[in-house]
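All remarks here apply to the structure that follows.
Protein chains get the first letters and strands the later ones, always in sequence-line order, with residue 1 at the start of each.
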There are 2 protein chains.
Amino acid sequence: MKEPTFPDSPLADLCRERGLKLTGQRRTIAFVLSDSDDHPDVEELYRRAVEVDPRISIATVYRTVRLFEENGILQRRDFGGGRARYEVADGDHGDHYHLIDADSGKVIEFENPELDALLDNIVRGMGYDLVTTRLSVVGRKKAKPR
Amino acid sequence: MKEPTFPDSPLADLCRERGLKLTGQRRTIAFVLSDSDDHPDVEELYRRAVEVDPRISIATVYRTVRLFEENGILQRRDFGGGRARYEVADGDHGDHYHLIDADSGKVIEFENPELDALLDNIVRGMGYDLVTTRLSVVGRKKAKPR
DNA sequence: ATTGCAAATGATAATCTTTCTCATTAATAA
DNA sequence: TTATTAATGAGAAAGATTATCATTTGCAAT
Ligand SMILES: [Mn+2]
Ligand SMILES: [Mn+2]
Ligand SMILES: [Zn+2]
Ligand SMILES: [Zn+2]
């Protein structure tokens, strides 16, 4: 029974700070997430987690992403493939949006303070406070103008 | 066998124009859709369709919304309740966005040319042509300032 | 108006993602 | 170290959507 050994990730610390029980599986999933800079779905997270510690079930991955999301540790994204995708909340960079390449499916992140402000103003103008923005744009690469 | 009788809807005409076979069921679903000004999901469309003509199955509603969407007659929306919702493409009003009331779930439509332009510019600035914008904002009604 | 045929439909099975159940295991605090 | 309480694993169940296939129907050509 070889316990996998790896350092506690920033997310594992966050988990502890929120008073959540830090189990081996959560430590593993937190490690995998901290190590990712893309937007994996649950199946992909499971694949990565199993590589770190085979003693993990997909049910636990589902449970853990839900728990982390409820605690503001993870953000759930919907890029329209039928499965939820996840990324660390407030990673290095702050709030951001996503551009999806129509042909390759590649996800490109971007920030835009003007967009932040405009959305906030629009919603305020309608008598509401902005709670969540769900925005992704699909684009097709322009042919280089010769 | 009483055939339900109702006029051909604008969507039924569109269906014919695209060369799609205009079956009784499609005529009914088109009628129901033309008659709706909200964002029904498939179950709700089925309920409304059955009221017009009981000889219809939910499988056909699923097939028809897919067909209509593939042919640009309908737009599919995702407001995050797990089921797809539909509305007529290019109805009376042009492109628009959706504000969802966080407490009631009510969907409020809005247009904003400045937002249209900004998104277009952002995407273009990243070397892409804008194909689709998927945007909905969740907001909470502001307490009236006393 | 009839006929023929490809396409659509109804009923239901299958699929896919996510959640639930429950017996077993493990994390934390005393 | 032990006791307690929550988490886990494996698989069943749920919910939405698509697929299957025998039967029906729209419609174009007679
Ligand atoms: Mn920003
Ligand atoms: Mn979705
Ligand atoms: Zn991102
Ligand atoms: Zn709308």
Side-chain angles (χ1 to χ4, degrees), chain A residues 1-4 8 11-13 15-30 32 39-47 49-50 52-71 73-74 76-86, chain B residues 1-5 8 11-13 15-32 39-47 49-50 52-71 73-74 76-86:
Chain A
M1 45 201 57
K2 45 168 175 288
E3 298 261 347
D8 270 15
L11 251 64
D13 294 335
C15 191
R16 218 189 260 101
E17 280 167 34
R18 310 269 160 124
L20 304 173
K21 195 182 279 188
L22 187 59
T23 65
Q25 288 85 339
R26 288 180 184 172
R27 231 173 62 92
T28 297
I29 295 168
V32 164
H39 306 83
D41 59 30
V42 168
E43 293 277 353
E44 178 60 27
L45 280 174
Y46 175 62
R47 268 178 238 121
V50 161
V52 174
D53 181 356
R55 279 172 299 184
I56 205 166
S57 83
I58 192 156
T60 295
V61 180
Y62 270 106
R63 278 191 282 245
T64 303
V65 292
R66 185 148 54 106
L67 180 76
F68 283 3
E69 203 231 326
E70 285 163 4
N71 285 79
I73 294 173
L74 274 189
R76 187 202 310 243
R77 304 289 191 183
D78 180 5
F79 298 148
R83 13 220 303 176
R85 300 175 65 171
Y86 294 89
Chain B
M1 45 202 55
K2 47 167 173 288
E3 298 258 348
T5 179
D8 270 17
L11 252 64
D13 294 335
C15 191
R16 217 189 262 101
E17 280 168 34
R18 309 270 159 125
L20 304 173
K21 197 182 279 188
L22 188 58
T23 65
Q25 288 86 338
R26 287 181 185 171
R27 233 173 60 92
T28 297
I29 295 168
F31 175 80
V32 165
H39 305 82
D41 59 29
V42 168
E43 293 278 353
E44 178 59 27
L45 281 175
Y46 174 63
R47 268 177 239 121
V50 161
V52 175
D53 181 356
R55 276 173 301 184
I56 204 164
S57 82
I58 191 155
T60 296
V61 180
Y62 271 107
R63 278 191 282 246
T64 303
V65 293
R66 186 146 53 103
L67 179 76
F68 284 3
E69 204 232 325
E70 285 164 2
N71 285 80
I73 294 173
L74 275 189
R76 186 202 310 242
R77 304 290 190 182
D78 179 7
F79 298 147
R83 20 224 293 180
R85 299 174 67 171
Y86 294 88

Between the side chain of [X] and the main-chain N/O of [Y], is any donor-acceptor distance below 3.5 Å?
{"X": "B/Asp41", "Y": "B/Glu43", "result": "yes"}
{"X": "A/Arg18", "Y": "A/Asn71", "result": "yes"}
{"X": "A/Arg26", "Y": "A/Lys21", "result": "yes"}

**OP:** Would you please confirm or rule out a distance under 4.0 Å between OP1 or OP2 of C/dG10 and any side-chain N or O of B/Gln25?
**Re:**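 Looking at the OP1 and OP2 atoms of C/dG10, one of them is under 4.0 Å from a side-chain N or O of B/Gln25.
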**OP:** Determine: side-chain N/O of A/Arg55 to OP1/OP2 of D/dT8, distance under 4.0 Å, yes or no.
**Re:**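 Looking at the OP1 and OP2 atoms of D/dT8, neither is under 4.0 Å from any side-chain N or O of A/Arg55.
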Original post:
Are the side chains of A/Ile29 and A/Ile56 in touch, meaning some heavy atoms are under 4.5 Å apart?
Top reply: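 Contact flag for A/Ile29/A/Ile56 side chains = yes.
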Distance, rounded to the nearest Å, where [X] contributes [atom1] and [N] contributes [atom2]:
{"X": "A/Glu70", "N": "D/dA7", "atom1": "CD", "atom2": "P", "value": "12 Å"}
{"X": "A/Leu67", "N": "C/dA27", "atom1": "CG", "atom2": "C1'", "value": "15 Å"}
{"X": "B/Arg27", "N": "D/dC27", "atom1": "CZ", "atom2": "P", "value": "11 Å"}
{"X": "A/Ile56", "N": "D/dT8", "atom1": "CD1", "atom2": "P", "value": "8 Å"}
{"X": "B/Asp78", "N": "C/dT17", "atom1": "CG", "atom2": "C1'", "value": "14 Å"}

Picking from [options], which would you name as closest to the side chain of [X]?
{"X": "B/Thr23", "options": "D/dG9, C/dA8, D/dA19", "value": "C/dA8"}
{"X": "B/Lys21", "options": "C/dT18, D/dA7, C/dA8", "value": "C/dA8"}
{"X": "B/Tyr62", "options": "D/dT17, D/dA6, C/dT17", "value": "D/dT17"}
{"X": "B/Thr60", "options": "C/dG10, D/dG9, D/dA19", "value": "C/dG10"}

Original post:
Donor-acceptor pair under 3.5 Å: do we get one between B/Arg63's side chain and the base of C/dG10?
Top reply: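 Looking at the base of C/dG10, it does pair with a donor or acceptor on the side chain of B/Arg63 (distance under 3.5 Å).
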Original post:
Would you say the side chain of B/Arg26 and the base of D/dG26 hold a donor-acceptor pair, judged only by whether the two atoms sit under 3.5 Å apart?
Top reply: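 Per atom types, no contact qualifies.
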Subject >> Note: A/Asp8-A/Arg16 ion pair, threshold 4.0 Å (strictly below) >> reply: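 A/Arg16 and A/Asp8: salt-bridged.
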Subject >> Most 5' of B/Arg66 and B/Gly24 on DNA chain D, judged by nearest nucleotide >> reply: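 Its nucleotide being nearer the 5' end, the pick is B/Arg66.
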**OP:** Please figure out whether A/Arg83 or A/Leu22 has its closest DNA chain C nucleotide nearer the 5' end.
**Re:** A/Arg83
Original post:
With sugar-phosphate meaning primed atoms plus P, OP1 and OP2, does B/Ile58 contact a base, only sugar-phosphate, or nothing at under 4.0 Å between heavy atoms?
Top reply: nothing
